[in-house]
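Working notes, structure below.
Both ligands and their constituent atoms are indexed starting at 1 by order of listing. Only heavy atoms go into these numbers, but all of them, side chains included; no hydrogens, no water, no symmetry mates. Bear in mind that the values here come from a model prediction, so they are computed numbers and not experimental data.
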Amino acid sequence: MSQQEATELMPWSREEFETLLRAKGDLYHIHHPYHVAMHEGKCTEEQIRAWVANRFYYQVSIPIKDAAIMANCHEQEVRRHWIQRIIDHDGREGSEGGIEAWLRLGEAVGLTREELQDHRHVLPGVRFAVDAYVNFAGKATWQEAACSSLTEMFAPTIHQSRLDTWPDNYPWIDQDGLQYFRNRLSEARRDVVHGIQITLDHFKTREQQERALNILQFKLDVLWSLLDSLSMAHELNRPPFHTVTDQATWHNRLV
Ligand SMILES: O=C(O)c1cc(C(=O)O)c2c(n1)C(=O)C(=O)c1cc(C(=O)O)[nH]c1-2
């Protein structure tokens with residue numbers, strides 16, 4: 001083996017590996033044109049509503065995804081931590097969770113709870129992207145699934161940017177509806193501390209580390225694809241079957 005090949009196979013140090021994981025933030029959906037437009041105050045009310053309604057499918061799928069991870073994990077100590085993610089979204093007696101907060105965001109932008117909960121606005125591409133994430137979490141090892149959640153490293157910035165700009169850019173949105181984003185600032189930071197530790201501990205060889213980066217790229221693809229679907233339908237006016245009908249036409253949840 002040449003010196004160069006040997007070097008290529010050397011694992012990155014913990015610090016180098018973490019730096020490479022964090023560098024993936026350059027590809028976060030904060031840079032997607034739909035998100036940029038939303039941030040710059042250029043989205044119409046209809047585009048904001050479409051985003052909120054479609055993202056609700058992500059919101060309700062997250063605790064299912066986290067339950068799938070726990071179902072594959074035989075380490076009690078990890079589950080004791082991980083269960084908090086489910087509680088964050090589902091809430092518990094006396095404290096509202098993220099799903100309820102997102103429903104209130106929906107109401108603040110002019111959507112009824114019913115139209116969010118029956119997923120009538122959820123585009124097929126959004127459904128497929130989110131389902132791919134849930135399915136990955138169920139099939140992968142819990143460590144790989146934990147790694148896939150690491151896009152949350154970049155989430156506090158995106159939540160904060162909404163808190164900073166939406167009140168000025170979208171004064172028609174009732175500000176109480178933004179509570180979801182406030183809650184996630186600390187919740188996401190806490191999740192990331194745990195997720196990073198699992199990832200740095202588990203992916204040791206260079207091959208494993210490269211796989212971790214690929215897993216993180218998969219998750220970035222999920223988030224980017226979600227916004228691609230929104231762009232097609234609500235920015236470029238090319239919703240599914242637009243060449244044949246003006247009606248919103250796509251399947252509803254099958255399973
Ligand atoms: O608004 C966003 O841009 C955004 C992104 C992400 C993410 O990076 O996956 C999450 C969230 N929000 C979020 O609110 C959330 O609860 C969440 C959980 C997870 C996950 O992978 O387990 N990602 C995210």
Is the number of heavy atoms from other residues, nucleotides or ligands under 6.0 Å of K42 NZ greater than 12? no
The protein heavy atom nearest to atom 7 (C) of ligand 1 is T151 OG1, 3.3 Å
For atom 10 (C) of ligand 1, what's the nearest protein heavy-atom neighbour? Residue, atom name and distance, please. Y58 CE2, 3.9 Å
Ring-face cation contact, F203 with R211, 6.0 Å cut, 45° max: no
Does G110 offer a backbone N or O that forms a donor-acceptor pair with the side chain of R49 under 3.5 Å? no
Q209 and E16, any side-chain heavy atoms less than 4.5 Å apart: no
Which segment of M153 sits under 4.0 Å of ligand 1 when only heavy atoms are counted: neither
Could you tell me whether a side-chain N or O of E187 sits under 3.5 Å from a main-chain N or O of D88, the two making a donor and an acceptor? no
Could you tell me whether ligand 1 has any atom less than 4.0 Å away from a heavy atom of K219? yes
Tell me the protein heavy atom at minimum distance from atom 3 (O) of ligand 1, and give that distance in Å. H29 NE2, 2.8 Å
In this structure, atom 11 (C) of ligand 1 is nearest to the protein heavy atom R55 NH2, 3.9 Å
May I ask you to identify the nearest protein heavy atom to atom 22 (O) of ligand 1, giving residue, atom name and distance to one decimal place in Å? K65 NZ, 2.6 Å
Would you check if the distance from the ring center of H234 to the ring center of W51 is below 6.0 Å? no
Hey, looking at atom 6 (C) of ligand 1, which of Y28, Y180, Y133 has the closest heavy atom? Y28
Do Q59 and R55 get their side chains close enough for a donor-acceptor pair, meaning under 3.5 Å? yes
Show the atoms of ligand 1 that are less than 4.0 angstrom away from any heavy atom in H89. 16 (O)
Does atom CD1 of I87 have more than 12 heavy-atom neighbours from other groups under 6.0 Å away? yes
Mind checking whether Q59 has an N or O less than 3.5 Å away from an N or O of ligand 1? no
Note: E152, heavy atoms under 4.0 Å from ligand 1, region reported as both
Which of the numbered atoms in ligand 1 are below 4.0 angstrom from a heavy atom of L223? 7 (C), 8 (O), 9 (O)
